[in-house]
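Proteins get letters first, then strands, A, B, ... in listed order; numbering begins at 1 in each.
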Number of protein chains: 2
Amino acid sequence: MPQLSTVSDALKGRFVSGDAVQVRGWLRSKRDSKAGISFLAIHDGSCFDAIQAVVPNTLDNYQSELLKLSTGCAVIVCGELVESQGKGQSLEIQATAVEVVGWVDNAESYPIAKKRHSFEYLRTQAHLRPRTNTFGAITRLRTTLANAIHNYFYRDGFHWINTPIITASDCEGAGELFRVSTLDQVNLSAGGAKLDYSQDFFGKETFLTVSGQLEVEAYCLAMSKVYTFGPTFRAENSNTSRHLAEFWMVEPEVAFANLDDNADLAEGLLQHVFTRVLEECEDDMAFFQQRIDNTVIDRLRSVIDNRFERMEYSEAIRILENCGESFEYPVAWGVDLASEHERYLAEKHVGRPVVLMNYPKDIKAFYMRLNDDEKTVAAMDVLAPGIGEIIGGSQREERLSVLDERMDEHLREELWWYRDLRRYGSVPHAGFGLGFERLLNYVSGMDNVRDAIPFPRTPGNAAF
Amino acid sequence: MPQLSTVSDALKGRFVSGDAVQVRGWLRSKRDSKAGISFLAIHDGSCFDAIQAVVPNTLDNYQSELLKLSTGCAVIVCGELVESQGKGQSLEIQATAVEVVGWVDNAESYPIAKKRHSFEYLRTQAHLRPRTNTFGAITRLRTTLANAIHNYFYRDGFHWINTPIITASDCEGAGELFRVSTLDQVNLSAGGAKLDYSQDFFGKETFLTVSGQLEVEAYCLAMSKVYTFGPTFRAENSNTSRHLAEFWMVEPEVAFANLDDNADLAEGLLQHVFTRVLEECEDDMAFFQQRIDNTVIDRLRSVIDNRFERMEYSEAIRILENCGESFEYPVAWGVDLASEHERYLAEKHVGRPVVLMNYPKDIKAFYMRLNDDEKTVAAMDVLAPGIGEIIGGSQREERLSVLDERMDEHLREELWWYRDLRRYGSVPHAGFGLGFERLLNYVSGMDNVRDAIPFPRTPGNAAF
């Protein structure tokens, strides 16, 4: 009896030459030789490489079925693992039986039959694109990155907190909001009735969350080390390669921590997950290095081997003012940095990730801790070469009186519970947000965040 | 210099008697002796137990500050770890310094000052309840369960797929939907304008997902083994202890798998995560056993040690018809089982989890695979004693022509991409959904799913 094997197990040493195996998967390509032998390349998602099955014309269904196979067909191959005659691969299957499980009716009509497609086109085939080399590799990378993040936190005693997706708070100021409702708007508006959110499902107006930070702070001040890892939403009409309406974000929050601790955590997290990616996704990373961006492996190694540069915002402004570059947006103390400034700092001035710290209070959120200079807050952004801001965080304002001065009355009323956290056993604490799709792009070298999430949501697009 | 330690590390063997440590946390209780010594119980979320700090009145701030400490205050304690004189705990801290980091201004006003509060009350203090014994334990349990789930799948080669939260599909029939929109409904309706969803953010009407299953099937037919683990939504007006408007669901999906494989996966997953919970959350489980439900440890052990009973739906109907119990809802072949029937089967007839299989097609969803009898579909529910249905799944219909017969024209048009999966390399595949909060209730013995998620969303409630 052949043993069931994934393609990965068959190729990577769990089985050896001479073993009888059964492999199940999909045809990536087929070549028929004049000598009456067919070569099938079969993938199953378990690793980058497909395994080659050598199929002799002596099999019963060779003429009736196997010659008709085309890319995308599902097969079960039984046979003996043997040393490969071809270059590149160590083992292949000498097939003794090939069962066709699922056909591609009309090979011409298979939407991803061709070997090369543009990423734009593949977004229209998001249900099929994981069958391609690139998106199979992205899927494995995404899984490995996520697992590395969860386990980095778990082993350090962090608790995963599933903060709410639906929120009644409209006041975080992180961008436009999606409204969530069950009111029958069409009929109500057709009837001329005024919409009354007190009649809505939650008894008030509700939205999709833009961040789990405020809620995770409540858990931080009980459990000490916590993080969120979940979907967040921005209803911005931004059609760029860096914006999604729905994206996943990682937000750790640590009690008794200041801005330096926060920067250390960001560095330690990225170094750990990049180490695991290089160890566990070697083939996939080799593919991205070769086909997408020939700097990706070096830049991960550079992050692993070097401490991030720490730089004061004020110092960054001085550098930008005196660097002799001509920027589209002018630089002066007090302005928020544009992407061109961030990239100059990370790519040209420092040459590796840089943590910018202590920004002017007027350009940052109300919950960031006011520094003693009363002009800056303990905010930080991690800027990475090739991608710009990848992490944004801060030490939080733990002093109720200072916090209250930065909130208006509406905010103070809405966030009564957030103020409570400063009334009862308040402690210094800090945290940050890491955009998961931007991280995946940084690791893979892919340009567009729409290619870093299975089914992207952007203005005008909620297909699938 | 004392070494920084969590409460868990100080109590559980990373440090030994004689070590100088610093512990940071919150006061759970304080007792002042007449002999001029105070005993502080300090928790930091790292484990169930608080650590005791013995504070002599010789400390500088003893009179001015430490005597005024109350439950909830944040402190940093430095001192020497010594063998505890009291019963129960092995080590305590002989304090040499206690810094008060955060006060509770008015001890009387602290919303969770009392030792016992009802769970109903604590839901109104969801920002503070993780500081209590019960909700600290639930938080650790939730983290451990989630980590066990992620790693069970990771080690078995599954890929974590983040299926979309916002969807244009309104046709899964799993319940009422929340609409997602950025249209200015109030002004539009006030002006008498008709709502036009083609002008909405995504160019059409969109909703919050009720399940990632259909989308994860697309990844299954490329990556072979996949799962989702994310938030899902039901806009049902159900005010029960088993329903949330927003809850987290785990949905694995496996290619080349049938209903038996599916039942095996459900069993293997639950056995693995229960094993890890008993190993890693011993103290928390002892608490739930003692205070919440004195059967919880036994029932986890029973799941670990025994195979789930497999039972045909038709057999279950025969058992229920002949068992002599009087049920509120009548039983006959073709009806969906009510909770009373499910609990009779799991609790009285079998006495452990039971997998019910092959339900009448008319009571199950369109995507479930039609059996050869053409009367039943390859559906399964896992019923657990004390909680009822905890898992629902099926083998999926992989034959396009059969699938099409169970879809109406609207559905076929909307799910064109789902039909594509059956046109291009279709294979038998199966999966299930596991409600994460119900799982947490099963493990902890807690009654209400509102106490199994940090900030519950239910009809009329989206606080925090």
Side-chain angles (χ1 to χ4, degrees), chain A residues 24 26 44-46 72-74 101-102 104-105 110 127 130-131 139 143 146-147 150 154 157 159-162 164-166 168 178-182 185-186 189 192 195 201-203 206 215 218-219 222-224 231 235 246 248 256 417 420 423-427 454-455 457 459-460 462 464, chain B residues 24 26 44-46 72-74 101-102 104-105 110 127 130-131 139 143 146-147 150 154 157 159-162 164-166 168 178-182 185-186 189 192 195 201-203 206 215 218-219 222-224 231 235 246 248 256 417 420 423-427 454-455 457 459-460 462 464:
Chain A
R24 305 157 163 185
W26 292 268
D44 67 356
S46 63
C73 289
V101 178
V104 170
D105 285 342
Y110 187 44
H127 60 312
R131 304 177 182 199
T139 304
T143 292
N147 189 266
H150 277 305
Y154 190 75
H159 301 279
W160 186 28
I161 308 303
N162 298 128
I165 308 302
I166 298 171
F178 287 106
R179 180 182 288 105
V180 174
S181 172
T182 56
Q185 296 152 342
V186 172
S189 66
L195 284 181
F201 188 89
F202 295 107
T206 53
E215 286 92 353
Y219 270 71
M223 310 300 294
S224 300
E246 172 182 320
W248 284 63
F256 299 98
W417 58 272
D420 261 10
R423 297 172 66 199
Y424 306 123
S426 185
V427 306
F455 299 94
R457 268 72 181 103
F464 305 99
Chain B
R24 305 156 163 186
W26 292 268
D44 67 356
S46 63
C73 289
V101 178
V104 169
D105 285 342
Y110 187 43
H127 59 313
R131 304 176 181 199
T139 304
T143 292
N147 189 265
H150 277 306
Y154 190 76
H159 302 279
W160 186 29
I161 308 303
N162 298 127
I165 308 301
I166 298 171
F178 287 106
R179 181 182 288 105
V180 174
S181 173
T182 56
Q185 296 153 342
V186 172
S189 66
L195 285 181
F201 188 89
F202 296 107
T206 53
E215 287 91 353
Y219 269 71
M223 310 300 294
S224 300
E246 172 183 320
W248 284 63
F256 299 98
W417 59 272
D420 261 9
R423 298 172 64 199
Y424 305 124
S426 185
V427 306
F455 298 96
R457 270 70 181 104
F464 307 99

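With a threshold of 4.5 angstrom between heavy atoms, B:T206 approaches chain A through side-chain atoms but not through N, CA, C or O. Both the backbone and the side chain of A:P459 come within less than 4.5 Å of a heavy atom in chain B. For B:P454, the parts lying under 4.5 angstrom from a heavy atom of chain A are both the backbone and the side chain. With a 4.5 angstrom heavy-atom cutoff, B:N147 touches chain A only via side-chain atoms. In this structure, the portion of B:W248 lying under 4.5 Å from any heavy atom of chain A is its side chain and not its backbone.
Your options are B:I161, B:V427, B:I165, and the one with the most heavy-atom pairs under 4.5 Å with chain A is B:I165. Considering only heavy-atom pairs separated by less than 4.5 Å from chain B, the leading option among A:G102, A:A218, A:A222 is A:A222. Considering only heavy-atom pairs separated by less than 4.5 Å from chain A, the leading option among B:P130, B:G203, B:A74 is B:P130.
A heavy-atom distance below 4.5 Å is not found between the side chains of B:S224 and A:S46. A 4.5 Å side-chain heavy-atom check between A:P164 and B:R457 finds at least one atom pair inside the cut-off. Between A:F256 and B:V101, some side-chain heavy-atom pair lies under the 4.5 Å cut-off.
The two residues A:W160 and B:T143 make their nearest non-hydrogen contact at N-OG1, 3.0 Å. Closest approach of B:I166 to A:E246, counting heavy atoms only: N-OE1, 2.9 Å.
Distance check: B:M223 CE to A:T139 OG1 gives 4.5 Å after rounding to the nearest 0.5 Å. Separating the OH atom in A:Y110 from the CG atom in B:D420 is a distance of 9.5 Å, to the nearest 0.5 Å.
A:W417 and B:F464 have perpendicular rings, their planes meeting at more than 60° on a 0 to 90° scale where under 30° would count as parallel. Between A:H150 and B:H150, the ring planes are parallel. Angles under 30° get that label, and only those over 60° would be called perpendicular.
Shown here are the ring pair (Phe, Tyr, Trp, His ring centres under 6.0 Å) partners of B:F201, two or more places apart in sequence or in another chain: A:F178.
The closest donor-acceptor contact from the side chain of A:W26 to the backbone of B:G425 lies under 3.5 Å. Judged by distance alone, with hydrogens and angles left aside, the side-chain atoms of B:E215 form no donor-acceptor pair with the main-chain N or O of A:F455 at under 3.5 Å.
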